[in-house]
Structures are given as C-alpha cells and as structure tokens.
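Structure, as structure tokens:
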2 protein chains.
Amino acid sequence: MGEAETFEALRLELRRGSLVLAVLARLRSEQYGYSLRMALAEDGIEMEESTLYPLLRRLESQGLLTSEWREEAKRKKRFYRLSAEGEAVLARLHAEWRRISASLETVLA
Amino acid sequence: MGEAETFEALRLELRRGSLVLAVLARLRSEQYGYSLRMALAEDGIEMEESTLYPLLRRLESQGLLTSEWREEAKRKKRFYRLSAEGEAVLARLHAEWRRISASLETVLA
DNA sequence: TCATACACTGTGTGTCACACACCATGTGAC
DNA sequence: GTCACATGGTGTGTGACACACAGTGTATGA
C-alpha cells in the first residue's frame, strides 16, 4: 500500500466516529435520509447512502431515533428525528467529543 | 442494550479514529510502548496494551514508524519513532482532523 | 429516455477490546 | 537467601461490529 492509500484509509478511520455524532446532531430537527445526507455534505461531512441508511436503522434500533413513513411532495419518505434517549446520548457524546478534541489538541501541539 | 451500554459503545467508536493520530503525533519524539502509553494516558487518551501494540506494529508495517530493539536501564525495549513518510501522513491527517473538527462544530452548534 | 430523487441490501475487509500469556527486575517478608 | 508479589514491558488470538463498495429498485419530472 502506497502513502496515498495509507492516508486515505486512515482518513476514513478518523472520520468514522464522527458520523454518528453528526447524524444525531442534525436530527434534532426532523429530516429524511436524502435531505439529511445533503445537509451533512454541505457541512463538509459526506457519506455514502450505503453508509447512511444502515446507520440510521442501527441508531433507531438502539432507540436513539424514531422514524415515520410519510408522504410528502407525492413521495413516500422515511422521516427521522432524535428520541428523548437520543438527546441524552447526544449530550454525553458531545461532551466526550470535547474531551477527545482537547486531548488531541494537547498531543498535536 | 441499555442507554449506558449504547453510549459506551458509541464513545469507543468516537474515540477510535483519534488513536492513530495521537500515537503518530506523540512519536515525533522517540518512545517505547509503555512510556508512550503512559504519556498518552496523561493527555487523556487511554488505551489498552492489547490495542496499542498491534497498532504500533500496524503503523510500522505501513511504513509510518520505524522501531529499534534496544537495551535501556537493564531492560530491552522497543523504541518507536515517526518515519519521514509518517511525518507526511501525520501532517495530512492533522489537516483532515481540523476539517472534521470544524464541520462537527458547525453541525453541533 | 434520461437524470435526479430516494431507499435499501449483501458482502468483504479491517479495527478495537477483551482476556490472556510471557519474561524481567526490584523489593519486602520471613 | 529465597520466596511472593508488584511493577515494568511486550506481545497474541479471537470475536464483535462498523464502514465502504457495488449493486438493486422505484418514482418523478424534463
């Protein structure tokens, strides 16, 4: 594996954990999969649909999200939003992220 | 899985990608496994030996680290430090981390 | 008919944590 | 002096699990 591939693999790894946090945060207001993906991309967090959809289902099965299958603009879409438990977990994850972030700043300094 | 375990799993996931970055950064100056672990713990990044050692070997096999088996204080230790390629990758990862960090700040705001 | 919007699945690969194994050295109890 | 034990130090094997890739499929409007 060359340096480019090595870097790319590590980049993905680094980005990985932040996906959940970003998704949870965005779903404080209701969104459906596609619009969520677009919104996150605009903020600089891009992910494949094949990453996002399984993630949403996983988070829902963990009780952090609730979803509703609804029609809007003549299309059926699955709308997700944060559950109460999801809010609690998001708050804790946010705090944890601040901790990690601060630690990394120290090490990288 | 209760909320506590769910959070713990996500916390680990969030921390995951930062390990490589922290290790690479710390190895800008030479260290052996144990001292590296202690140093990182002091900065708030704790990891098991069974996580650290395989990680070190992996990074070395990717050419990002070099190691040397040396005796110090009557004990044989394996000393690691960043290779030139490692420095390059570290710089790029650092930049990428800043990007992700900024994106998360936006989403979390 | 072709692009875009939208949702989903199956599989492969790779990483981390847990539990464990192994050896060396210093130290205090007896 | 020797035995137990903590501490320092380096590893392995396995299982769980998450992401990315590639692909499937439907609906809509231009």
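Throughout, protein chains are lettered first and strands after them, A, B, ... in sequence-line order, and every chain is numbered starting at 1.
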Atom [atom1] of [X] to atom [atom2] of [N]: distance rounded to whole Å?
X: B:Arg70; N: D:dG8; atom1: CZ; atom2: P; answer: 20 Å
X: B:Leu55; N: C:dC16; atom1: CG; atom2: C1'; answer: 10 Å
X: B:Leu36; N: D:dG11; atom1: CG; atom2: P; answer: 13 Å
X: A:Glu13; N: C:dA17; atom1: CD; atom2: C1'; answer: 14 Å
X: B:Leu52; N: D:dG8; atom1: CG; atom2: C1'; answer: 14 Å
X: A:Arg11; N: D:dA20; atom1: CZ; atom2: C1'; answer: 12 Å
X: A:Leu12; N: D:dC17; atom1: CG; atom2: P; answer: 22 Å
X: A:Leu14; N: C:dC16; atom1: CG; atom2: P; answer: 12 Å

Taking [Y]'s backbone N and O only, do any of them form a donor-acceptor pair with [X]'s side chain (distance below 3.5 Å, no angle check)?
X: B:Arg37; Y: B:Tyr53; answer: no
X: A:Thr66; Y: A:Ser83; answer: no
X: A:Arg15; Y: A:Glu46; answer: yes

Any side-chain N or O of [X] below 4.0 angstrom from OP1/OP2 of [N]?
X: B:Lys77; N: D:dG9; result: yes
X: B:Tyr32; N: D:dG9; result: yes
X: A:Arg78; N: C:dC8; result: yes
X: A:Arg58; N: D:dC17; result: no
X: B:Arg57; N: D:dT12; result: yes

TODO: Could you pick out which residue, A:Glu46 or A:Arg75, lies toward the 5' side of DNA chain D when each is mapped onto its nearest nucleotide?
DONE: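 The 5'-side residue here is A:Glu46.
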Open item on the list: Quick check on DNA chain C: between B:Lys74 and A:Phe79, whose nearest nucleotide comes earlier from the 5' end?
Closed with: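 Looking at DNA chain C, the more 5' nearest nucleotide goes with A:Phe79.
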TODO: Nearest-nucleotide wise, let me know which of B:Arg15 and A:Arg16 is further upstream toward the 5' end of DNA chain C.
DONE: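 In this pair, the answer is A:Arg16.
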TODO: Could you tell me whether the side chain of A:Thr51 has a donor or acceptor atom within less than 3.5 Å of a complementary atom in the base of D:dA18?
DONE: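 Counting by modelled atom types and ignoring angles, no donor-acceptor contact under 3.5 Å is found here.
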Open item on the list: Categorize B:Glu49 for me: base, sugar-phosphate, or nothing, with a 4.0 angstrom heavy-atom threshold over every strand shown.
Closed with: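 B:Glu49: base contact, heavy atoms under 4.0 Å.
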- [ ] Remember a base hit wins even if backbone is also touched, and classify B:Tyr80 as base, sugar-phosphate or nothing at under 4.0 Å, heavy atoms.
- [x]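 The answer is sugar-phosphate, as B:Tyr80 gets under 4.0 Å only of primed atoms, P, OP1 or OP2.
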Task: Cationic tip of B:Arg78 above B:Tyr32 ring, under 6.0 Å, 45° of axis - done: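 The answer is no; the distance or angle limit is not met.
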From the set [options], return the single nucleotide nearest to any side-chain atom of [X].
X: B:Tyr34; options: D:dT10, C:dC16, D:dG11; value: D:dT10
X: B:Ser50; options: C:dT15, D:dA20, D:dG11; value: D:dG11
X: A:Glu48; options: D:dC21, D:dG29, C:dC8; value: D:dC21

Open item on the list: Applying the side-chain hydrogen bond (donor to acceptor under 3.5 Å, both in side chains) criterion to B:Lys77, which one of B:Glu68, B:Glu72, B:Gln31 satisfies it?
Closed with: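 The option that passes is B:Glu72.
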TODO: I would like to know whether A:Ser67 and A:Glu60 meet side-chain hydrogen bond (donor to acceptor under 3.5 Å, both in side chains); could you show each step before the answer?
DONE: CA-CA 7 Å; A:Ser67 78; A:Glu60 186 176 12; 2.8 Å; yes
